[in-house]
2 protein chains.
Amino acid sequence: MTYHHGNLRRALLDAALELFVERGAFDFTLRELAREAGVTHNAPYRHFAGKAELLAALREEGFAALAESARAALTTADEPRKRVRVLGEAYVRFAIEKPHHFRLMLHNPLGEATPNGAAFELLRTALEEGRAAGVVRDDLSARELALAAWALVHGLSSLIVSGNVPGDEARVRRYTKTLDAVFFEGALARKRQR
Amino acid sequence: MTYHHGNLRRALLDAALELFVERGAFDFTLRELAREAGVTHNAPYRHFAGKAELLAALREEGFAALAESARAALTTADEPRKRVRVLGEAYVRFAIEKPHHFRLMLHNPLGEATPNGAAFELLRTALEEGRAAGVVRDDLSARELALAAWALVHGLSSLIVSGNVPGDEARVRRYTKTLDAVFFEGALARKRQR
DNA sequence: ACGCCAATGTGGATGCTGTCAACATTAGGC
DNA sequence: GCCTAATGTTGACAGCATCCACATTGGCGT
């Protein structure tokens with residue numbers, strides 16, 4: 001057993017996630033994390049000022065991972081509508097696969113804007129492209145449309161993660177399909193078109 | 001000062017909300033609430049087994065209030081599309097006016113379905129009506145459409161409450177208008193219709 | 001190669017918390 | 001009007017966050 005742990009910071013973050021998975025809430029104690037990492041109760045303070053700062057670090061990781069997923073998704077589609085769709089799917093998939101990070105990202109102290117702007121910008125750009133291609137309605141700004149799309153996928157993600165809506169793969173596929181249809185085509189009955 | 005407080009339960013719930021407003025998080029302590037209510041540290045246990053149960057009680061209040069808002073909103077509109085719209089507006093307004101309750105309602109232990117079914121059923125019914133009236137597309141079930149609408153307003157609400165999107169009255173009005181347009185008419189460019 | 005400093009981890013102390021158990025007061029039904 | 005259940009109090013205990021002084025060691029400059 002070495003006096004210096006090697007990478008305590010990482011170990012603490014991992015332990016926090018692990019405890020979250022076990023208990024379904026971020027109610028762990030710093031001392032617990034220390035024990036988990038095989039270290040005394042004060043060692044964590046060399047890396048984080050407190051629990052809040054540790055959670056903030058996890059949140060950062062989450063935003064980075066989300067942005068990364070979004071970028072990866074974009075490489076798989078060319079036509080505008082499809083690009084928006086894969087972005088949305090990536091968002092929902094992220095929420096389902098990393099519910100701890102996702103929850104954390106929502107759970108900021110309130111009123112503090114969070115820097116998920118990265119993912120949002122990708123979405124806005126995709127809609128901008130669609131607009132340039134004449135595929136997307138032009139009486140609403142790309143920004144407004146992006147907000148609507150964001151609200152849609154963010155809402156679905158939240159509802160799934162919070163357990164209000166089942167999150168099994170089959171249903172999620174259907175949901176995203178429905179949402180895609182509604183977002184692009186609307187809910188109104190089409191009289192003659194299509 | 002009476003020995004018996006009169007309505008300690010209520011006082012504790014109010015104190016919890018108050019402290020939340022002050023600090024932007026539910027990190028109060030039960031002893032604090034007791035002090036706030038002018039009562040000793042153990043009195044709260046006569047009303048709540050612990051902090052979790054107290055929060056659960058607040059959550060219940062939230063769901064009840066939301067359902068009530070939804071019902072009230074429905075009395076103000078007759079045509080199907082408008083009915084869906086006012087429901088959505090009521091949802092968002094609720095989130096903005098009672099952000100503490102709203103946050104709490106999202107913040108359940110994870111995986112535990114919450115009983116906001118009441119509001120959801122109203123929404124589903126409204127879409128059912130729209131469908132019966134031939135106003136709403138019929139290749140998607142009312143349930144699916146309701147999910148989409150719910151995701152939309154829930155997403156917007158979450159984003160506003162979490163500070164990711166500004167929540168001032170003027171902008172919210174514009175957002176809801178945009179969302180209404182997108183939900184009903186879709187994001188695709190309309191070639192000849194309209 | 002080596003010494004030294006900053007980073008990292010330790011040990012102990014303090015005040016606050018949740019929770020339990022025994023006791024005190026009072027409201028309200030009989 | 002009395003008695004019991006509901007409500008509030010007091011005291012005690014273990015665990016936690018946080019602060020401080022101290023111990024160990026990796027690695028940088030020479």
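The sequence lines fix the lettering, A, B, ..., with proteins before strands; numbering per chain opens at 1.
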*Relative to the 5' end of DNA chain C, which residue comes earlier, A/T40 or B/R46, by the nucleotide with the nearest heavy atom?*
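The residue whose closest nucleotide sits nearer the 5' end is A/T40.
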*Compute the ring centroids of A/H101 and A/F20, then answer whether they are less than 6.0 Å apart.*
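No: the rings miss the under 6.0 Å criterion.
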*In B/S/- notation, 5' to 3', how is nucleotides 13-19 of chain C contacted by protein heavy atoms closer than 4.0 Å?*
----SBB
*asked:* Rounding to an integer number of Å, can you tell me how far B/F48 CZ sits from D/dA6 C1'?
replied: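 After rounding, the gap between these two atoms is 15 Å.
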_Nucleotide D/dA6, atom P - distance to CG of B/N7 in whole Å_ =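 Rounded to whole Å, this separation is 17 Å.
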_Audit row: A/H154, B/S158, side-chain contact (heavy atoms from CB on, under 4.5 Å) steps and yes/no_ = CA-CA 8 Å; A/H154 182 78; B/S158 294; 3.6 Å; yes
_side chain to side chain donor-acceptor pair (under 3.5 Å): pairs with one or both residues in residues 72-86 of chain A, sequence neighbours excluded_ =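 Only A/R81-A/D180, A/R81-A/E185, A/R83-A/E129, A/R85-A/E89 qualify under side chain to side chain donor-acceptor pair (under 3.5 Å).
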*Write out all pairs satisfying side chain to side chain donor-acceptor pair (under 3.5 Å) with one or both partners inside residues 39-49 of chain A, taking only residues at least two apart or from two chains.*
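Residue pairs passing side chain to side chain donor-acceptor pair (under 3.5 Å), neighbours aside: A/R31-A/H41.
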*Any B/H47 side-chain N or O less than 4.0 Å from OP1/OP2 of D/dG8*: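 Checking B/H47 against D/dG8: at least one side-chain N or O falls below 4.0 Å of OP1 or OP2.
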_Note: B/E68-B/K98 ion pair, threshold 4.0 Å (strictly below)_ =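 A salt bridge is absent here (no side-chain N lies under 4.0 Å from a carboxylate O).
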*Report yes or no: does A/R131 contribute a side-chain atom to a donor-acceptor pair with the main-chain N or O of A/D138 at less than 3.5 Å?*
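Confirmed, A/R131 side chain pairs with A/D138 backbone.
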